[in-house]
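To keep things clear, I will list the structure first and then write my remarks on it.
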2 protein chains.
Amino acid sequence: MLSQIAPDEDLVFFRPHEYLARENEPPAGLYQMLEGWACRYRLLPDGRRQITALYLPGDYCEPQWALGRGPTQPVVALTNVRAYRSACRVPSGGSGDAQQGFWKNLVDGSERQAGWLVTLGRRSAPERLAHLLLELFERMRRAGLAYGQQCALPLTQMDIADLTGLTPVHVNRTLQTMRNAGLVELQSRWLRIPDLAALREAAAMAPQDAVA
Amino acid sequence: MLSQIAPDEDLVFFRPHEYLARENEPPAGLYQMLEGWACRYRLLPDGRRQITALYLPGDYCEPQWALGRGPTQPVVALTNVRAYRSACRVPSGGSGDAQQGFWKNLVDGSERQAGWLVTLGRRSAPERLAHLLLELFERMRRAGLAYGQQCALPLTQMDIADLTGLTPVHVNRTLQTMRNAGLVELQSRWLRIPDLAALREAAAMAPQDAVA
DNA sequence: CGAGAATTTGAATCTCTTCAATCTGCGTGG
DNA sequence: CCACGCAGATTGAAGAGATTCAAATTCTCG
C-alpha cells in the first residue's frame with residue numbers, strides 16, 4: 001500500500017451538503033472557490049438557522065483561517081463545488097498579486113458582513129430580498145458569470161430565508177409581490193433583473209452602499 | 001506661528017457625538033481605545049440607523065484601516081473617549097505582542113460580527129437583549145472593568161435599539177419583562193446580572209457560542 | 001412514472017411597530 | 001432654591017408585518 005503524503009495544494013470537489021469545514025476542527029486547507037456555491041451558518045439550539053456567509057466563485061474560504069484560528073462555524077456546499085485547496089497560511093511570494101487578493105478578500109468579506117448587519121437589523125422583507133438579489137447579481141457579474149441582467153442563482157427559497165432571517169413562506173409571498181411588480185424574475189435557479197435602478201430603489205440602499 | 005508636525009502617535013480625546021472617523025475620509029489614525037465607548041453605524045435613506053460595531057476599552061478601531069482601505073461607515077463616540085492614536089499600518093517590530101494583539105483584534109471583530117448576524121437574523125427581542133448584555137458584560141470583564149456580576153453600560157435605550165434592530169419602545173418593554181423575571185438589573189448606565197446561567201439560557205445561545 | 005423536494009396557498013395568530021402622550025431625572029439660569 | 005427645559009424612559013392603544021401550521025400543488029430527477 002502506498003503511503004499518501006497530503007500535498008500542499010490541489011484541486012478538490014464537494015457535493016451539495018458536503019462539509020468544507022466543521023466547527024472546531026482544523027480546516028483541511030484554505031479554499032479558493034472555482035465553481036459552485038457554499039455557505040457558512042450557525043444553528044440555534046432549537047434548530048433555527050442563520051447563514052452568515054456565502055462563497056461564490058473567486059471567493060476565498062476562509063481567509064481568517066490563515067490568521068491562526070480555525071473555523072467557528074461550519075461551511076457546507078450548496079451546489080457541486082470545485083475549489084483550489086492550499087495550505088492554511090497567508091499566500092507568500094509570487095508576484096504579490098495573490099497576497100493582494102487575499103487581503104482584499106478578507107476586508108471585502110468583513111465589509112459585506114457589516115452591510116448584512118444593516119439588512120438584518122433594519123430592512124423590511126422586500127428590502128432584504130432586493131438587497132440580497134442585487135448583491136448576488138453584482139458578485140456574479142464581477143466574477144464574470146453574469147449575462148446581461150441575468151445570472152445563475154442556485155438557492156432554494158429556504159436558503160434565501162436562512163440568509164435574510166425570514167421564513168420560507170414569507171420569502172415566497174414577498175417574492176411573488178416583487179415579481180408582480182416587475183422588480184425581479186426568479187425561477188428555476190435563474191435570476192433576471194429587468195430594471196437595476198428600480199431594484200436598488202426597492203432595496204433602501206444607502207448612498208454609500210456599494211452593494212457588495 | 002509654529003508649524004505643527006503631526007506626530008506618528010499620541011493620545012487623543014473625544015466627547016460624545018464627536019466623530020473618530022467619517023466615511024470615505026482617510027482616518028486620522030488607528031485608535032486603541034483606552035477609556036469610553038464608541039460605535040460604528042450606517043444610516044438608511046429614511047433615517048433608520050443600525051449600529052454595526054461597538055468599541056470598548058482595549059479594542060482597536062479599526063484594524064482593517066491598516067489593510068489599505070479607509071472607513072466605509074462613520075465611527076462616533078458614545079461617551080467621553082480617551083484613545084491612543086497610531087499610524088495607520090500593521091504594528092511592526094517590538095516584541096511581536098502588538099502584532100499578535102492586532103491580528104487577534106481583527107479576527108475577534110469579524111467573529112463577533114458573524115455572531116451578530118445570527119442575533120439580528122434569528123433571535124427574538126428578549127433573546128437579542130440577553131445576548132447583547134452578556135456580550136457587553138463579558139467584554140467588560142475581559143477588559144478588567146467588571147466588578148463581580150456588574151459593569152458600566154453607558155448606552156441609552158435608543159442605542160440599544162439601534163444595536164439590536166428593535167424600536168426603543170420595544171426595548172423598553174422587553175427590558176421591563178426581563179427585569180421582572182429577575183434576569184437583569186439595568187438602570188442609570190449600570191448593569192448587574194444576578195444569574196449568568198439564566199441569562200445565557202434566555203439568550204438562546206448555541207453551545208459553541210462564545211458570547212464575545 | 002413515481003417519489004421526494006421545493007414551492008405555493010389559506011387562515012389564524014403573534015411579535016413588534018407606530019404614534020402620541022406622560023413621566024422622570026438632571027443640569028441651567030433666574 | 002426653585003422653575004424651566006430637555007433628553008431619556010415609560011405607558012397605552014391600534015395596526016402592520018411576519019410567523020405558524022397545515023394542506024395542496026408543482027418540479028425535478030432517477
Side-chain angles (χ1 to χ4, degrees), chain A residues 15-17 37 44 46-51 76-80 119-132 152-181 184-191 202 204, chain B residues 15-17 37 44 46-51 76 78-80 119-133 152-181 184-191 202 204:
Chain A
R15 311 220 115 242
H17 304 113
W37 293 29
L44 294 189
D46 64 355
R48 279 172 286 179
R49 180 174 85 142
Q50 177 67 42
I51 293 178
V76 72
L78 293 168
T79 66
N80 284 326
T119 292
L120 293 177
R122 289 301 186 200
R123 281 194 244 254
S124 67
E127 288 167 349
R128 291 183 202 195
L129 290 174
H131 202 268
L132 171 68
L153 203 158
L155 298 174
T156 65
Q157 292 187 357
M158 188 164 157
D159 293 331
I160 295 177
D162 287 341
L163 274 163
T164 53
L166 302 167
T167 58
V169 172
H170 197 53
V171 166
N172 183 289
R173 291 197 238 262
T174 307
L175 237 23
Q176 285 181 56
T177 308
M178 295 174 74
R179 271 193 279 253
N180 294 338
V184 295
E185 290 168 34
L186 178 55
Q187 58 200 293
S188 48
R189 331 265 107 137
W190 194 256
L191 167 69
Chain B
R15 311 219 117 244
H17 304 113
W37 293 29
L44 294 189
D46 66 354
R48 281 173 285 179
R49 180 174 85 142
Q50 177 66 42
I51 294 178
V76 71
L78 293 169
T79 67
N80 284 325
T119 293
L120 293 177
R122 288 303 186 198
R123 279 192 245 254
S124 68
E127 288 166 350
R128 291 184 201 195
L129 290 173
H131 202 268
L132 171 67
L133 298 179
L153 203 160
L155 299 174
T156 65
Q157 293 187 354
M158 188 166 155
D159 293 330
I160 295 177
D162 287 341
L163 275 162
T164 53
L166 303 167
T167 57
V169 172
H170 197 54
V171 166
N172 183 291
R173 290 197 239 263
T174 307
L175 236 23
Q176 285 182 57
T177 308
M178 295 173 74
R179 271 194 279 254
N180 292 339
V184 296
E185 291 168 34
L186 178 56
Q187 57 199 291
S188 47
R189 331 263 107 135
W190 195 255
L191 167 69

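For clarity, every value in this text was computed on a predicted model and none was experimentally measured. Sequence lines set the chain letters: A, B, ... in the order given, protein chains first and strands last, and positions in each chain run from 1.
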With a cut-off of less than 4.0 Å, is there a side-chain N or O of [X] near OP1 or OP2 of [N]?
X: Gln157(A); N: dT8(C); answer: yes
X: Arg122(B); N: dA18(D); answer: no
X: Arg179(A); N: dT8(C); answer: yes
X: Asn172(B); N: dA9(D); answer: no

Report the distance from atom [atom1] of [X] to atom [atom2] of [N], rounded to the nearest whole Å.
X: Arg189(B); N: dC26(C); atom1: CZ; atom2: C1'; result: 12 Å
X: Leu78(A); N: dA6(C); atom1: CG; atom2: P; result: 11 Å
X: Leu186(A); N: dA6(C); atom1: CG; atom2: P; result: 15 Å
X: His170(A); N: dA6(C); atom1: NE2; atom2: P; result: 21 Å
X: Arg173(B); N: dC16(C); atom1: CZ; atom2: P; result: 12 Å
X: Gln187(B); N: dC23(C); atom1: CD; atom2: P; result: 21 Å
X: Leu155(B); N: dA7(D); atom1: CG; atom2: C1'; result: 16 Å
X: Leu175(B); N: dT10(D); atom1: CG; atom2: P; result: 8 Å

- Message: Taking any heavy-atom pair under 4.0 Å as a contact, classify Thr174(A): base, sugar-phosphate, or nothing.
- Response: nothing
- Looking for any heavy atom pair under 4.0 Å, which part of the strands does Ser124(B) touch: base, sugar-phosphate only, or nothing? sugar-phosphate
Quick one: does [X]'s side chain get under 4.5 Å of [Y]'s, heavy atoms only?
X: Arg49(B); Y: Asp159(B); value: yes
X: Leu78(A); Y: Pro16(A); value: no
X: Leu163(A); Y: Leu155(A); value: yes
X: Asp162(A); Y: Arg122(B); value: yes

- Closest-nucleotide ordering on DNA chain D, the 5'-leading residue of Gln176(B) and Arg128(A): Gln176(B)
Nearest to the [X] side chain among [options], which nucleotide is it?
X: Thr156(A); options: dC21(D), dC16(C), dT7(C); answer: dT7(C)
X: Leu166(B); options: dA18(D), dT11(D), dC16(C); answer: dC16(C)
X: Thr167(A); options: dT17(C), dT10(D), dT20(D); answer: dT20(D)

- Hey, what do you get for CG (Leu133(B)) to CG (Leu153(B)), rounding to the nearest 0.5 Å? 6.5 Å
